[in-house]
Amino acid sequence: MAGPIDLYDVANAERDARAHFSRRAFVCTSTGCLSAGASAIKQQLTDTVTDAGQEQGVQVVPTGCFGLCSRGPLVRVETRDQQPTLYEHVDTDTAQLIADDHLLEGRQASADTVSLELPFFARQEKVVLSNAGKIDPDRIEDYVGQGGYRALQSAVETMTPEGVVKTILRSGLRGRGGAGYPTGRKWEFLSLADGDQKYVVANGDEGDPGAYMDRTIMETDPHRVLEGLSLAGYATGASQGYIYVRAEYPLAIERLERAIREAKRAKLIGRNVLGSDFRFDIEIRIGAGAFVCGEETALMKSIQGERGTPTLRPPYPTERGLWGKPTMIQNVETLANVPVILERGAEWFASLGTSESKGTKVFALTGSLNNTGLIEVPMGITLREIVEEMGGGIPDGRAFKAAQSGGPSGGCIPAPYLDTPVDYENLQKLGSMMGSGGLVVMDETVSMPEVARFYMEFCRDESCGKCTPCRAGTVKMHAFLDRIVSGVGRRRDLQHLESLCHTVRATSMCGLGQSAPNPVFSTLEHFRDEYLELLVPDEAFGPDGNGSSPDAQRAVATSPGGVR
Amino acid sequence: MSPRTGPRPNVPVTIDGVEHKAFEGETVLELAQRVGVRIPTLCHLEGLSIYGGCRLCVVEVTGDRRLSPACALEVTAELEVTTQSWTLHEHRRRIVELLFAEGSHVCAFCVSSGSCELQDLATEHDVDHIHYDFAHPDAGIDASHPKYSLDRDRCVMCTRCVRVCDEVEGAHVWDVAMRGSQGRIVAGMDQPWGEVADCTWCGKCVLVCPTGALSFKGRATSEMVHDPEVVAFLSTAREQGEWLDRKADA
Amino acid sequence: MADRAGNGAAGHPSGDERFGVLEKALKRSRYSQDQLIEILHVAQGVFGYLSEDVLVYVGRELKLPLSRVFGVATFYHLFTFEEPGEHGATVCTGTACFVKGADRIVDALTSEFHVSAGETTEDGRFTLKTARCLGSCGLAPVVVIDGAVRGHLDAAGVLEVVAEQMAADDEADTEDTTPAEADAVASGAANEARL
């Protein structure tokens, strides 16, 4: 039976192997680029190189994601003594040019390229995504070659569990799933909990529409997630880890499964991690299409094979979680920070970001922008830098209207606040929240009441149904928004909408219901006039309640029960 | 409710400005009921597990910006709680209105009128008008069972029936299907109730239902009288030796 | 009551061999009730959808109350309970896709095939579904047509692709299994291997 992997030997072998290649082509094979034909492109490059007998000197590496998703498929070519070239919108014709000219002959192909000096790339600080675009996610050796699993080895061989917890505490890492709870404190709670069995769970449910940060981490660097989860287990005394992945991410599931198999073989997971007494197993659990299962207690119900309805807290998961045992749930991006923190030190991590929000954040930049895709930036960068410099501004000369952060739980940030440094506290002060990292840019053509209605429809459809205010309230709030957007709303509809929003926020059982009214509150605060413009004025209704204008008549006709 | 034995209550809890002494570990709702303070409830039923879904029992806790459900809030240390305020009253009233707007609750010809907790809550919270669009559901009546009838349009999703059948009778006939506002109570594999072999005809689900959703057949308007306290009784009857004292009904 | 010692084909009265795949998955998960959702994924992969028969079978094998199995299965959006159409389009209705006109695509498909999201046409040829963000926002608007992810299509483009898929069907020889069924068995086997 083989012993545990020797990380230094493997890393050295990788480095030596890499040194043999004079040219390397990195093809993005994340879901987005794959859907646009990346698999065939990679095959084409590989075949051309092999047919020319140049496999010893030219390597084609399937990798991802480079981040600039709107310009995919993307191929980056690195050659010795030259600046790397990033080709965009690669199709079969340009792939052949790249293969023939650049890979076989070392000349840049005449195809569309993107400058790697663009602010979109240059302003990023890659901590979580440091391996994205560099390694083949299906090869553990590649991960080890970049220094992977050294943090786990050093923790297991030279640190105490308490020492690991203290390092995370000192780093100031906060939960990247949305709420920003201090990670170290959660680890502390779990490590202090009594019990023969504890669990740690990686939350890869990422249900926010328009957010795909966690998907990218799982697809491009699955071992990073395994290492982070293992470190969490070591620090807190948990011997079993679960990775809960939504079913809509089949590629992430596939890559994680392969990574787990490889890690087991290398004895990085299992009875004796790296030959030590530390035992840690990892299993994948798949979701089945329920946004609410991103909520901690609902997620646990789902892992237990039940309906994903949240449960009352207290008791908190670290007291009583999966099957009644102490459990800790951590977002995938949060865990991906852990190996780097242990390797480079808590002080280094705390030097990034702001005083209360340390480190970096991955954002999925979508909407009305010239450059959409995935970016990782230090906390404290301003919204203007993200939107104008990195995002390249709004296309077709349209004006910026608002940026939505936090998805259906968040709020919109209008132009006057573009110079706000992005961190947990500032976004909350603006009536939004960091959320998981989805950042949607909206231009002047977007109707904010329609945006509020869109998010409310989402919350209504995703409500688990357990508690009255969310189950019934989201239906009614959506109905009010629908009436208003359709032009048959009156002032009293707006009033009832607002008061109902307060009740739903105050009395709902879990975060879904509590934050469902946020987009309404936020758009009302910054864009109230848009709502008012849509209302049928009270003057259009006579004292008998009948409408005197066509709009008013329609409002009365569509009002259930007639006059109200 | 059976008297507690054992250690005396000693944790100071102030409810609406009046100080009481609570047992460590008892819930704010249990304390309130013990000392005669009214907190509205719907899904809560003594003898069943705590559900926490109706949200009517939410109270303000000093020092916490969030409202807490009294049915689940356990007293572990000194606490100051407000159970009645203008805001709480408004929230509860809106929740009751939402329940009315969600279903088809027409008291005028309901079998449970007069013995209905939703009706009582509406009266208590000054519900004289529903400000929200009525959903007018029409899920139909399931009268397939020889003894009982189910009218889903009157269901408030309190899950007392699900819990009593699972936790007390052990048959687990009922469960919740779908989710959100599409959610509804189903029997077996969403079969007509009368075809579910697991049903023991014990009738406890009918006794604990707070509205006219579940009723005995052969009852006309206002003739269905529920008896939810039977569950609390059953949970302690053996210890208390109270069999012969219990008046039989149904 | 299914015989656990034998294979699924002998265990299930219908003799349908697909129950054998399901039984293997149950065995591999050690008939653990916690694995209900994973088992339902395998079942849907193998059969294409969750029929009452399959749900009852799973319930009995896992010793779970039938209402519990039904309640869990119907909670999750990805499980379907009707035979899927020969062809399908799943329109992503996430934020980025919404901003790029996903609702217009849904409307176009609804008008063309006279079905709402989640429904299959009467002749069984087409199923329309929506999904809450597939995570390919760079390709917005995203529509998955017969298992293939297509991006940057407008309503007319989507209708065209669907029509092409259906036309290709008419030209092909009669097959033993429909493409949907073949995919279902393949992915069911893949799901089963995962356990």
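In this text, all values refer to a predicted model and were calculated from it rather than measured experimentally. Convention: sequence-line order gives letters A, B, ...; per-chain numbering from 1.
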(request) Please work out which of the three classes, parallel, tilted or perpendicular, describes the rings of A/His496 and B/His131, given edges at 30° and 60°. (result) tilted
(request) Would you tell me whether B/Arg94 and A/Thr503 have side-chain atoms, one donor and one acceptor, within less than 3.5 Å of each other? (result) yes
(request) Could you tell me which of B/Gly183, B/Ala72, B/Gly52, B/Pro69 has the largest number of non-hydrogen atom pairs under 4.5 Å with chain A? (result) B/Gly52
(message) Can you give me the closest heavy-atom contact between A/Arg307 and B/Val176, atom names plus distance?
(response) NH1-O, 2.7 Å
(request) Might you confirm whether atom CZ of B/Arg93 has over 12 heavy atoms from other residues, nucleotides or ligands at distances under 6.0 Å? (result) yes
(request) Flag the pair B/Glu102 and A/Lys476 as a salt bridge only when some basic side-chain nitrogen lies within less than 4.0 angstrom of an acidic carboxylate oxygen. (result) no
(request) Grab the two heavy atoms, one from B/Cys54 and one from A/Pro469, that are nearest each other, plus how far apart they are. (result) O-CD, 4.2 Å
(request) Name the region of A/Gln514, side chain, backbone, both or neither, that has any atom closer than 4.5 Å to a heavy atom of chain B. (result) side chain
(message) If the condition is side chain to side chain contact (heavy atoms under 4.5 Å, CB included), which residues does A/Glu188 pass it with, not counting sequence neighbours?
(response) A/Val165, A/Leu169, A/Arg185
(message) So, taking the atom named OH in B/Tyr132 and the one named CG in A/Asp493, what distance separates them when rounded to the nearest 0.5 Å?
(response) 11.5 Å
(request) Work out which heavy atom in B/Asp133 is nearest to a heavy atom in A/Arg483; give both atom names and the distance. (result) OD2-CD, 4.3 Å
(request) Please determine, among B/Met157, B/Glu90, B/Glu97, B/His91, the option with the most heavy-atom pairs under 4.5 Å with chain A. (result) B/His91
(message) Counting heavy-atom pairs closer than 4.5 Å to chain B, which one of A/Gly465, A/Pro310, A/Cys464, A/Ala290 comes out on top?
(response) A/Cys464
(message) Is it the case that atom CZ in B/Arg38 sees more than 12 heavy atoms from other parts of the structure closer than 6.0 Å?
(response) yes
(request) Pick whichever of A/Val504, A/Thr474, A/Leu312, A/Asp461 has the most heavy-atom pairs under 4.5 Å with chain B. (result) A/Leu312
(message) Between A/Ala506, A/Ala479, A/Ser499, who has the most heavy-atom pairs with chain B when the cutoff is under 4.5 Å?
(response) A/Ser499
(request) Mind checking the OG1-CG spacing from A/Thr507 to B/Leu67? Nearest 0.5 Å is all I need. (result) 7.5 Å
(request) Would you indicate whether A/Asp194, at its atom CG, is surrounded by more than 12 heavy atoms from other residues, nucleotides or ligands within a distance under 6.0 Å? (result) no
(request) Any chance you could measure B/Ser181, atom OG, to A/His478, atom NE2, to the nearest 0.5 Å? (result) 11.0 Å
(request) Would you indicate whether the side-chain heavy atoms of A/Leu500 and B/Leu98 approach each other to under 4.5 Å? (result) yes
(message) Quick check: closest heavy atoms across A/Ser508 and B/Arg55, and the distance to 0.1 Å?
(response) O-NH2, 3.5 Å
